[in-house]
Amino acid sequence: MSINDTADKIISMEIRGAGKIAREAVSALRDHAETLPRTGDVSIFIREMEQAAGILLATRPTAVSLPNAIQIVMRDVRSSKNEEAARRNLREKANEFIWSSRTALDRISVMGANHIPDGSVIMTHCNSSAALGSIIEAKRQGKDIEVYATEVRPWNQGRITIKTLNEHEIPTTYIVDSAARTMMKEVDLVIVGADAITVNGAVVNKIGTSQIALCAHEARKNVIVTAETYKFAPRTILGERIQIEERPTDEVLPDDIAAGLPFVRIKNPVFDVTPAEYIDLIITEAGAIPPHLAFTIMREYLGWGLDELQNQFLSLEKD
Ligand SMILES: O=C(COP(=O)(O)O)[C@H](O)[C@H](O)COP(=O)(O)O
């Protein structure tokens, strides 16, 4: 798919969910490289690819999987000696990312399932392939499980979730978002995905996740986050904050109704932040970690955040 088509589909949410956004963006970059005529000048190729990456990066601001995936694919391209090497590098890195991101999901699903005891009642929120993968794998292992799935206003991603759960014949109860606390007493554990994880172990995920985590904490139920390592945000080491996407207000209330309510302001933040103290475990393809070990994942798997930090200090010393 072309860069512009992919970007449009990410903006309109036809392509959504942090993992899928990353894979589709990478595959669009790989396809885009193939459409560029050979000029023999590596700097032209890099410039064109940076421009394409910029279009994809501007689509949605919160899921850190998007800039991370682009960085993974573009990092070595930027230092390639000639055009052929740059092209080869991009193709190889893109294929590797897509493959490893799928492998990561499989690993997380197995590890996640191992953390779901037989007989569990699970609550999930939004539509996360990593969270659903774990639930489906638990069922495949023969565990007797049940799920409470929330509606997820205003986009109703919960409908995609219940459709998938239904396809796997997993008994599911569909509830409105505001029923989460009432139903928490029926639940044994919460499993959700992530759009970003910060250096202090806070998890950014679909709006409402933090309320559910708070209810789970109050009811002493475990909260498990399933997230590939590329959902961790190394730039938070440098103090960068995760931008919470605000979407159009007519997703919450149609414009014609809003127009008749001049004193009413509508807000539509679509992600929220769950502090580390409300999270029991983060399951990544590299293993399950307590949230306060987020830094370790960044250091081991996403080293460039630290390179940047190092470079910043080096340039300070030079000044
Ligand atoms: O919050 C969402 C999706 O939000 P939106 O629908 O606004 O993109 C998902 O929980 C995470 O992206 C993780 O998903 P996955 O595990 O599939 O990467």
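Counting starts at 1 for both ligands and their atoms, in listed order. Predicted model only: the values in this text are computed from it and were never measured.
- Shown here are the side chain to side chain donor-acceptor pair (under 3.5 Å) partners of Asp41, two or more places apart in sequence or in another chain: Ser43.
- For ligand 1, the 4.0 Å heavy-atom shell takes in Met13, Arg16, Gly17, Ala18, Gly19, Arg60, Cys126, Asn127, Ser128, Ser129, Ala130, Gln157, Ala194, Asp195, Asn205, Lys206, Lys231, Phe271, ordered by chain and residue number.
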Would Lys139 and Glu137 count as a salt bridge (charged side-chain N to carboxylate O under 4.0 Å, His left out) here? Give the steps.
CA-CA 5 Å; Lys139 161 85 179 178; Glu137 174 59 21; over 6 Å; no
Walk me through it: do Glu24 and Leu56 pass the test side chain to side chain contact (heavy atoms under 4.5 Å, CB included)?
CA-CA 10 Å; Glu24 295 282 344; Leu56 294 166; over 6 Å; no
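- The neighbour count for Glu245 CD, taken as heavy atoms of other residues, nucleotides or ligands under 6.0 Å away, is above 12.
- Legend: side-chain hydrogen bond (donor to acceptor under 3.5 Å, both in side chains) pairs involving residues 185-210, not counting sequence neighbours, sorted by first then second residue: Thr198-Asn200, Asn205-Thr209, Ser210-Asp272.
- The side-chain hydrogen bond (donor to acceptor under 3.5 Å, both in side chains) contacts involving residues 153-162 comprise Asn127-Thr161, Trp155-Glu251, where partners must be two or more places apart or lie in separate chains.
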